[in-house]
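Here's the structure, in structure tokens; my notes come after.
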2 protein chains.
Amino acid sequence: MDNMKTGELARRAGVNVETLRFYERKGLLPEPPRRESGYREYPEESVRLIRFIKRAQEVGFSLGEVRELLTLRVEPGTSCTEVRRRAEQKVEDVRQKIADLKKIERALTKLAGTCTGRGPVSDCPILESLDGELALSEGSTGRRKAT
Amino acid sequence: MDNMKTGELARRAGVNVETLRFYERKGLLPEPPRRESGYREYPEESVRLIRFIKRAQEVGFSLGEVRELLTLRVEPGTSCTEVRRRAEQKVEDVRQKIADLKKIERALTKLAGTCTGRGPVSDCPILESLDGELALSEGSTGRRKAT
DNA sequence: CTAAGACCCGTACTATGGTACGGAGTCAAG
DNA sequence: CTTGACTCCGTACCATAGTACGGGTCTTAG
């Protein structure tokens, strides 16, 4: 089964049909072949593509950045060196995100663990346990957004 | 030095002055005391708070979600049990994000590593190496967004 | 004392990431 | 061969997350 119409792709990927058209306009979803009627016919792999876009978004990439990730794999005419350089840059971004998330995770775990689970919040040691950790311990002041 | 005005806080936290007012309106930044003139006077910790908001955003939390994270620590009148439950839920969200990022990281690393660094993209094994991994190996079909 | 610069506020504008609408053509089951 | 569901397209609308504007007040260095 290698020809889905918009409705099926949308359903399988868990997005709205309009979203598919939107992604197509934005250059994230390649224009699929059409049948004579004008109906789009998507290949199977489109499902994975859409899901990838969604996941990347959930971890903080804008659609523009997602497109950059995707074009790493298909942009012809770019030298391999260049693609490699950009991929390595992206890996750095991703590692930074992971590091930040781990700090948030630690703070939240501490919070959930310290709390005894009874009594009003004002008595709960949660407040103090969170402070300090939640601010991500400063550390990296300044050199963000050097993308 | 425990009384910053908007300008200094903005500068130190790396955001626009307008953004501070915006966060205040949205309930992310607590209203600071004012001097008689009406000027805001922020405590030192506001810098960390703003930076936390920014980092949380970068890893995919909306301002609404960031507020939820923050109110975990200050909302009085909520039972500790409830706060704990919500914190545990957030930890789950965070772990999912980390897992997704790690998949993206693996795909990108593989990509950067496989590529020899010379020649046009069409000859580069990058394209194939990326496929399969980039789709985040499906796996978790369906039960997302059950927040 | 005064003028540049910071701050106040409300309001308007912008970009991003979709969603919804509605009229027209298409498909497929009965 | 019709009818209801699906698709097409352009355009309009929406929420989120800011950013800019502009007239007025406050502060502070000279």
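What you see is a predicted model; the values in this text were computed from it and never measured. Below, read A as the first sequence line, B as the second, and so on, with proteins coming before strands; counting in each chain starts at 1.
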Counting only side-chain N and O atoms of A/Gln57, is one of them less than 4.0 Å from OP1 or OP2 of C/dT16?
-> no

A/Arg21 CZ - D/dT7 P separation (whole Å) | 12 Å

Does A/Thr6 put a side-chain nitrogen or oxygen below 4.0 Å from OP1 or OP2 of D/dT7?
-> yes

Min side-chain heavy-atom separation B/Val59-A/Ile98 under 4.5 Å = no

Between A/Arg34 and D/dC9, is there a side-chain N or O to OP1/OP2 distance below 4.0 Å?
-> yes

Looking at side-chain heavy atoms only, is the closest gap between B/Arg34 and B/Glu41 below 4.5 Å?
-> no

For A/Tyr23 and A/Glu36, take the nucleotide of DNA chain C holding the closest heavy atom to each; which residue's nucleotide lies nearer the 5' end?
-> A/Tyr23

Does OP1 or OP2 of C/dG18 have a side-chain N or O of A/Thr19 closer than 4.0 Å?
-> no

Between C/dG17 and A/Lys54, is there an OP1 or OP2 to side-chain N/O distance shorter than 4.0 Å?
-> no

When rounded to whole Å, the CD to C1' distance for the pair B/Glu41 and D/dC26 reads 13 Å

Over how many whole Å does the gap from B/Glu24 atom CD to D/dT19 atom C1' extend?
-> 17 Å

Taking C/dG17, C/dT19, D/dC21 as options, the one with an atom nearest any side-chain atom of A/Arg25 is C/dT19

State which residues pass side-chain contact (heavy atoms from CB on, under 4.5 Å) with A/Arg25; sequence neighbours excluded, sorted by chain then number.
-> A/Arg21, A/Phe22

Starting at atom CZ of B/Phe22, determine the distance to atom C1' of D/dG18, rounded to an integer number of angstrom.
-> 5 Å

Ignoring backbone atoms, test whether B/Asn16 places a side-chain nitrogen or oxygen under 4.0 Å from the OP1 or OP2 oxygen of D/dA20.
-> yes

Looking at side-chain heavy atoms only, is the closest gap between B/Pro32 and B/Glu24 below 4.5 Å?
-> yes

Taking only N and O in the side chain of B/Ser37, is any of them less than 4.0 Å away from OP1 or OP2 of C/dC7?
-> no

Given side chains that start at C-beta, do those of A/Leu9 and A/Lys5 come closer than 4.5 Å, heavy atoms only?
-> no

What is the distance, rounded to the nearest whole Å, between atom CG of B/Leu20 and atom C1' of C/dA6?
-> 14 Å

Length of the line joining A/Asn3:CG and D/dC6:P, which is rounded to integer Å = 17 Å

Which whole-number value in Å describes the distance from A/Leu9 CG to D/dC8 C1'?
-> 16 Å

Decide yes or no, distance alone: a donor-acceptor N/O pair under 3.5 angstrom between the base of C/dG25 and the side-chain of A/Tyr39.
-> yes

Does a nitrogen or oxygen in the side chain of B/Arg40 sit under 4.0 Å from OP1 or OP2 of C/dC9?
-> yes

